[in-house]
Amino acid sequence: MIEYINGCYHITTKALGYALRITQHGDLQNIYYGRKVSGEDLNSLIKHRELLLVNTLYTDGDESYGIDDMDFEYSFSYRGDSRSCAANMTTDNHSVFDFVFDAARIDAKLPNSCMPIPNGYDNSLCITLKDRLHSDLELELWYLSYDNCNIIARFVRIVNNSGQAIVINKLMSAQYDLRLNQPRLISLCGAWGRERSDKEHIITAGKLNLGSFSGMSSAECNPFFMLKSEDASVNYGDVYGFNLIYSASHEIGAELTPYGGVRLTNGVQSEGFSYRLDDKQEFISPLSISTFSDCGLNGVSMNMQKFVRELVSPKIEVPIMLNSWEAMYFDLDCDKLKLFADKAHELGFEGIVIDDGWFAHRNDDSSSLGDWYENRHKFPNGISEIADYLKAKDMKLGIWIEPEMISEKSELFIQHPQWVLRHPQARQIVGRSQYILDLSQSEVQEYLYNILVRIITQYGADYIKWDFNRRFSDVFGGEGGAYYYRYILGLYSILRRITDDYPNVTIENCASGGGRFDLGMLSYCPMGWVSDNTDPLSRAEIQDGTSYGYPISVMLNHITAKLSHQTRRSTSFKSRKDTAYIGVLGAQWDITKIDDFDKQLLADTVAQYKDERRDLLVSTLTHIPTSDNTVAWQIMSEDNDLGWLYLMHKRFYTVGVLPILKLSNLDSEERYRIYGDNVDVVLSGAALMNVGLILPQNYQGVKVSDKLLNLTDVSTLLLRIQKIREDR
Ligand code: GLA
């Protein structure tokens, strides 16, 4: 709900409250963001803020109006606020803008946006600021409340009717001036093969500037982050969570002010950003989403998961696919794929994905991107032969494509050199021997749309694996980082058209693993490839970090070979399977060469997943605090009637003790059966939450007994949780 009460705009969701007001000088001041309080309390919260006297810079002779400590909703560089400001713009002659409140509209209709904005918000608020120095230059601050998910989203729109061009150097989606004791920021930073592991940053003096600079949301720093007080932990304390619905370079700024406030900003990366906004043009920022919980990191994570699962990602039941990449790499052909499909069918898979290597002259990664027609040596009768073969088995056809890319060795490069993002005179910078196509050109967008339509309609693809395997370089046009913004609008417009026109086609989001795993891409793709690294030990850590911001329904995992192709570590089928199971399941493994034992295990897994996926994929994961030697998750259905318990045991220590697993969000009065993997107990919700699940003794020494657990190095438990119904 959004209402104007006690001089404040009060935005509330089921559990949250956010209040802001227009000050006596026409600025927007944040009054409160946290657990919902009554509108009556807002008066005293305002009074409390008014008492803070700060003696540096102030507005219009009003000494209590200290600019340095004001909790501004949005501030502009060069106006006395020495913190990192949300906006920085210039005209030909100067860089001072003086925006003040002009109007506010509750339940305002959203402007047409080229950025993805999830439907399903309950209310909107648009506050228009007008610049006193340039008439008809307006900045709109938009707020959306998603009540059931406890999400408050913001974006800004700038409309220029001033008669002159403005250059935007920085325009964050949101600025959050918050009050929190001893703040810590938790980011999901990493690299290829170890994406999104959670890192804690102390926010003290100075500015913390995170984000990505490579043109993509990146494996190095995901746009999701949290802010917590020092004492907050997995299940306790005050935590805020933030994300951005955007896939290009982004920025996260955090600083502690000398007066104890925390300023956060997130939005489009401002380094090198220079966007010329001509007269009669407008600019829209991506959506910044936020939430708060006083139940620790899990509270924030639960809100984020619900929002992404229910309102961001498309609702498509993703088939269980067997992917050819680690099974064949580039060495694939129609006959091999037919055999692959036979075995996949026998084991219960619902389709196969023909990964890289099926097109033009592609026998390694040095050529052919852009030439999206089948290689006639590998497919003498075209893709339609394997497509028909799969159709006869009622299986889905998935096709890998890297549409945004072009190889120098390609026909497309010869035909359209002007489509390539590179500087003809500079030294050529390639990544994986390839260049990026300039998606800011509408001609290129049209070409790509038609390629995708051809793959869907002529090849009959039900599933597209959309890959993106290099970073940007050589952006041209004099606008530096602003190019990424224009590029991503081009990409979103293609994705929007394709998903509108072919809503039943599943698009898997991939970028060298999870290099563009963000809410922008997940607005069009029901799930994304979490990482190329499927070694269960690494993978458990990657999924652990990822699940703070994203639900398991968008996390695509594969069961792969015993010997990991990424870490060269050998692990058991069970640990590979249990880890892949917590998400959208698939596999990439040469199942034409595995023994009957593994085949049976795989078939059983697929069958069980088919039984459970409808419940599993609408469930919410919470992290169980344990030790550094374990990763533990509880995954519960919405009604808390059934769930899964996952434990990754990293290293076996003799006389090592397994952690007690304290569950959460159960009904204290009800009884639950926890079973599987040599565990079978019935306990009340109260006991499971307060005492916890005490696991049987782990294998110690020579005597192996089936009453013991047998958790060696990199081994897992996957237990079921079932509420016991009295009527059964
Ligand atoms: C990327 C992807 C892989 C695979 C290869 C093919 O690395 O992450 O899954 O598709 O490209 O070249």
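Counting convention: from 1, in listed order, for ligands and their atoms alike. Start at 1 with the first residue, then count along the sequence.
Residue-level proximity to ligand 1 for Asp365 is absent, since no heavy atom of it falls below 4.0 angstrom. Contacts between Ala511 and ligand 1, counted as non-hydrogen atom pairs separated by less than 4.0 Å, are absent for every part of the residue. Heavy atoms of Glu508 found under 4.0 angstrom from ligand 1: none, in either backbone or side chain. By the criterion of a heavy-atom distance under 4.0 Å, neither the backbone nor the side chain of Asn323 is placed next to ligand 1. At a heavy-atom distance under 4.0 Å, no atom of Glu402 approaches ligand 1.
Using a 3.5 Å distance cut-off with no hydrogens or angles, the side chains of Ser324 and Asp355 do not pair a donor with an acceptor.
Looking from atom 11 (O) of ligand 1 to the surrounding protein, the closest heavy atom is Asp467 OD2, 2.9 Å. At the top of the distance list for atom 12 (O) of ligand 1, counting protein heavy atoms only, stands Asp356 OD2, 2.6 Å.
For Tyr550 and Phe517, the ring centers sit closer than 6.0 Å to each other. For Tyr447 and Trp419, the gap between ring centers is short of 6.0 Å.
Between Tyr548 and His623, the two ring planes are parallel [angle under 30°; tilted spans 30° to 60°].
Around atom CZ of Arg614, no more than 12 heavy atoms belonging to other residues, nucleotides or ligands sit under 6.0 Å away.
Annotation for ligand 1: atoms under 4.0 Å from non-hydrogen atoms of Gly513 are 8 (O). Short contacts between ligand 1 and Cys510, defined as distances under 4.0 Å to a heavy atom of the residue, involve ligand atoms 2 (C), 8 (O). The ligand atoms of ligand 1 that sit less than 4.0 angstrom from a heavy atom of Lys465 are 3 (C), 4 (C), 9 (O), 10 (O). Listed by number with element, the atoms of ligand 1 under 4.0 angstrom from any heavy atom of Asp532 are 2 (C), 3 (C), 7 (O), 8 (O), 9 (O).
A salt bridge is absent between Arg470 and Glu402: the closest approach of a Lys/Arg side-chain nitrogen to an acidic carboxylate oxygen does not fall below 4.0 angstrom. Salt bridge absent: Lys396 and Glu508 never bring a charged side-chain N and a carboxylate O closer than 4.0 Å.
In this structure, Gln588 falls outside the shell of residues with a heavy atom less than 4.0 angstrom from ligand 1.
Using a 4.5 Å heavy-atom cutoff, the side chains of Tyr246 and Pro223 are not in contact. Contact annotation: the side chain of Asp467 never approaches that of Asp356 to less than 4.5 Å [non-hydrogen atoms, C-beta and beyond].
Where the criterion is an N or O separation shorter than 3.5 Å, residue side chain and backbone included, Arg362 fails it with respect to ligand 1. Distances between N or O atoms of Asp355 and those of ligand 1 include at least one value under 3.5 Å.
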